[in-house]
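The next block holds one structure in the form of structure tokens; read it before the comments.
Note: hydrogens, waters and symmetry copies are ignored here, and every other heavy atom, side chains too, is used. These numbers were taken from a predicted model, which means no experiment stands behind them.
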Amino acid sequence: PDELQADIYKNEIAPNIPIRVVPNGVDPLPPGPPPFPHPAGPMVLYAGRIAPEKGIPLLAEAFSLVHAQRPDARLCVVGDWQRYSHIRKVLAEGRDAGRIILPGEQKRDALGAYYGMADVFAFPSQTDTQALVLHEAALAGLAACLCALAWRNRRRSRRAPASLPQ
């Protein structure tokens, strides 16, 4: 877990159990030539496994707000985006509207080129605790945009009366 999660475990879940944060390490991704021309504006990157718990529809929805302010911005989603019908539909709509670039799943050796051309890394998961893609993004020098909603809601729900909607 990260420090925030460790604090929650220490203070709320398991106050009598010692918790230690052990950071993960990753090897740098090899650089490569850009796989496509850089968009005219900023490019936001998501790279990783695509599954319902990863928050990809949330990312697509949030990015539509970015695109409304910056029509030249693009979201690049690297991964097997066609596996889940709802995710496929949301991403295809964004692609068809010109907001989202979908290169599909890539081999690890090709990922460095995507990180290298991105301006920001987006990580919309509300459940992941310590994703290696965040380390890869940091190693590539990218700022990361994270979703902290899940832990905030979890902390609130522990303090909220049972009658309040979650």
Side-chain angles (χ1 to χ4, degrees), residues 1-29 42-69 73 75-91 93-94 99-100 102 104-109 111-112 114-116 118-166:
D2 63 19
E3 293 295 337
L4 173 63
Q5 293 164 328
D7 286 344
I8 291 170
Y9 288 123
K10 288 176 191 175
N11 297 324
E12 298 177 22
I13 298 173
N16 299 320
I17 297 174
I19 304 287
R20 188 172 285 163
V21 175
V22 179
N24 286 338
V26 296
D27 293 326
L29 294 167
M43 188 175 93
V44 177
L45 174 68
Y46 171 85
R49 187 172 63 85
I50 296 178
E53 68 273 12
K54 297 296 184 175
I56 304 302
L58 174 65
L59 174 59
E61 180 182 349
F63 188 77
S64 67
L65 299 174
V66 171
H67 192 262
Q69 297 295 312
L75 171 62
C76 179
V77 177
V78 177
D80 182 8
W81 62 277
Q82 296 188 33
R83 180 175 293 165
Y84 298 95
S85 61
H86 174 66
I87 296 171
R88 179 175 58 242
K89 180 179 182 233
V90 168
L91 292 177
E93 286 172 0
R99 292 187 306 270
I100 301 177
L102 298 169
E105 189 172 7
Q106 303 293 314
K107 294 193 180 298
R108 188 174 192 285
D109 287 348
L111 291 175
Y114 291 92
Y115 283 95
D119 298 294
V120 175
F121 186 82
F123 190 72
S125 175
Q126 297 180 41
T127 58
D128 276 304
T129 57
Q130 194 170 21
L132 295 179
V133 293
L134 295 174
H135 298 273
E136 291 172 346
L139 251 159
L142 293 176
C145 180
L146 306 168
C147 183
L149 181 63
W151 284 103
R152 201 173 312 127
N153 285 345
R154 183 177 179 151
R155 292 184 80 168
R156 279 191 200 126
S157 69
R158 292 186 179 285
R159 295 187 186 120
S163 61
L164 288 180
Q166 298 295 318

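Side-chain contact between F123 and C145: absent, with no pair of heavy atoms (C-beta onward) separated by less than 4.5 Å. Between P124 and Y46 the shortest side-chain heavy-atom distance falls below 4.5 Å. The shortest side-chain heavy-atom distance between P57 and H86 falls under the 4.5 Å cut-off. For the pair V120 and L45, the minimum side-chain heavy-atom distance is 4.5 Å or more. Side chains of I87 and I50 form a contact here, defined as non-hydrogen atoms less than 4.5 Å apart. Put simply, the side chain of Y115 does not reach to within 4.5 Å of the side chain of V78, judged on heavy atoms. By the 4.5 Å heavy-atom criterion applied to side chains, T127 and K54 are not counted as neighbours. The shortest side-chain heavy-atom distance between V26 and L139 falls under the 4.5 Å cut-off.
Here the CG-CD1 distance, from L75 to I100, works out to 5.0 Å after rounding to the nearest 0.5 Å. To the nearest 0.5 Å, atom CD of residue E53 and atom CD of residue Q126 are 11.5 Å apart. For the atom pair CG (L132) and CZ (R49), the distance works out to 12.0 Å, reported to the nearest 0.5 Å.
Applying the side-chain hydrogen bond (donor to acceptor under 3.5 Å, both in side chains) test to pairs two or more places apart or on separate chains, those with a residue in residues 56-68 are H67-R74.
No more than 12 heavy atoms of other residues, nucleotides or ligands lie within 6.0 Å of CD in Q69, so this atom counts as exposed by the packing criterion.
With sequence neighbours left out, the salt bridge (Lys or Arg N to Asp or Glu O under 4.0 Å) criterion links D119 to no other residue. Residues satisfying the side chain to side chain donor-acceptor pair (under 3.5 Å) test with R88, not counting sequence neighbours, are none.
In this structure, V133 and A47 approach most closely via the heavy-atom pair CG1-O, 3.3 Å. When all heavy atoms of V44 and A122 are compared, the closest pair comes out as CG1-CB, 3.6 Å.
With salt bridges taken as basic N to acidic carboxylate O contacts below 4.0 Å, one links E136 and R108.
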